[in-house]
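In what follows, a structure is listed as C-alpha cells, so that the remarks can point back to it.
None of the values given here were measured: they were computed from a predicted structure. These values consider heavy atoms only, across backbone and side chains, with no hydrogens, waters or symmetry-generated copies. We name chains A, B, ... by the order of the sequence lines, and we start the count at 1 in each one.
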Amino acid sequence: GAGVSQSPSNKVTEKGKDVELRCDPISGHTALYWYRQSLGQGLEFLIYFQGNSAPDKSGLPSDRFSAERTGGSVSTLTIQRTQQEDSAVYLCASSLGSLSSEAFFGQGTRLTVV
Amino acid sequence: AQSVSQHNHHVILSEAASLELGCNYSYGGTVNLFWYVQYPGQHLQLLLKYFSGDPLVKGIKGFEAEFIKSKFSFNLRKPSVQWSDTAEYFCAVKALSSARQLTFGSGTQLTVLP
C-alpha cells in the first residue's frame, strides 16, 4: 500500500476486555515497530520486529501486552484485560530494515478504556 | 540501551523568530539520528535524518540540524519560523548495534504565534 495502515482508528472498550490492534506495513518493509503515545508523553517503544529475527519485546509494559507478525507483514498488538492506564494512541511504523532507513508511521489507533 | 533527551517541553515563538530545539542522546556507539514532526491531527512524518557524512543536515521546510558527536547532540534549527510550523517535534536515535529499535525523546511542542 501507499503507507502504513492501522485499524481501527478509534477503539473504545470496557475495562477488563481484550483488544486487538492491527497494522499493515508498507509492502516490502521488513522492520515493524509499535509505540504508545500517551497525552503529554513522548513515544514509548513497545516492540520491534525485523524480518525473521526474534522480536525485541523489551518495551512491552506487562504480560497483558503481546504482538505478533504473521508472514512478515501484518502485525497485531493484543492487550488483554485492558486497564484505564492503557488508554493512549498506539502507533505502528515500518521501515526497509536496513541499517540506514527511516521509519514511516501510520495514523495510529486511539484506544480509550472506560 | 540508548536514550534521548529533549530539553524543551513547550516553546512559544512569534513568526519570524529563530528556532533551536535541543536533543541529546546517550549511546557510545554509531547512531542514526532523526527529527520527526507531528502536525495537529496528522501522523508523524520525517523532517530530516543523519546517517553519516556532513554533520549539518538539511530537511524539509527550511529545517536543519547539526550532529555534534562530542556533545552527543543533534539540535534542530530554523532561521525564521512560520505559523504553520506549529507542531510537536520529536528527536529519535537508532543505535547501529544488535538492538535497532528507534528510541524517541519526549517531544517538544512548538507554538508559533501569528
Side-chain angles (χ1 to χ4, degrees), chain A residues 1-7 9-10 23-26 29-60 67 75 88-110, chain B residues 1-10 21-25 27 29-54 57 59-60 65 67 87-109:
Chain A
V4 178
S5 177
Q6 292 187 246
S7 60
S9 54
N10 280 284
C23 173
D24 273 285
I26 293 172
H29 280 192
T30 59
L32 188 146
Y33 307 79
W34 281 99
Y35 292 87
R36 178 168 70 177
Q37 186 176 25
S38 304
L39 190 62
Q41 305 288 320
L43 274 71
E44 176 188 4
F45 167 76
L46 297 177
I47 189 168
Y48 166 57
F49 295 90
Q50 171 55 59
N52 295 321
S53 302
D56 177 356
K57 303 180 182 180
S58 60
L60 294 178
S75 177
V89 176
Y90 289 81
L91 295 171
C92 175
S94 71
S95 75
L96 283 171
S98 62
L99 289 179
S100 300
S101 58
E102 66 181 270
F104 293 83
F105 281 81
Q107 291 274 23
T109 294
R110 181 175 298 279
Chain B
Q2 65 268 27
S3 65
V4 181
S5 176
Q6 291 184 242
H7 317 298
N8 314 103
H9 296 295
H10 194 180
L21 300 182
C23 173
N24 285 89
Y25 67 93
Y27 183 74
T30 304
V31 295
N32 289 340
L33 297 158
F34 307 82
W35 275 97
Y36 281 83
V37 60
Q38 189 171 29
Y39 297 104
Q42 297 189 25
H43 65 278
L44 276 158
Q45 55 188 284
L46 184 71
L47 202 53
L48 49 77
K49 60 190 176 187
Y50 171 80
F51 292 156
S52 64
D54 189 345
V57 293
I60 59 172
F67 171 48
E88 190 154 19
Y89 293 80
F90 294 92
C91 181
V93 61
K94 181 163 68 173
L96 302 187
S97 63
S98 58
R100 293 180 190 164
Q101 58 171 275
L102 191 57
T103 301
F104 283 81
S106 57
T108 297
Q109 174 64 47

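- Of the two parts of Gln42(B), only the backbone, made up of N, CA, C and O, holds a non-hydrogen atom closer than 4.5 Å to a non-hydrogen atom of chain A.
- Using a 4.5 Å cut-off between heavy atoms, Ser53(A) makes no contact with chain B at all.
- Considering only heavy-atom pairs separated by less than 4.5 Å from chain B, the leading option among Leu43(A), Leu91(A), Val4(A) is Leu43(A).
- Only the side chain of Gln37(A) comes within less than 4.5 Å of a heavy atom of chain B; its backbone N, CA, C and O stay farther away.
- Residues meeting the ring pair (Phe, Tyr, Trp, His ring centres under 6.0 Å) test with His43(B), sequence neighbours left out: none.
- Within the structure, every pair that satisfies the salt bridge (charged side-chain N to carboxylate O under 4.0 Å, His left out) test and touches residues 37-51 of chain B, not counting sequence neighbours, is listed here: Glu102(A)-Lys49(B).
- Between Phe104(A) and Tyr36(B), the ring centre distance reaches or exceeds 6.0 Å.
- The aromatic ring centroids of Phe105(A) and Phe104(B) lie less than 6.0 Å from each other.
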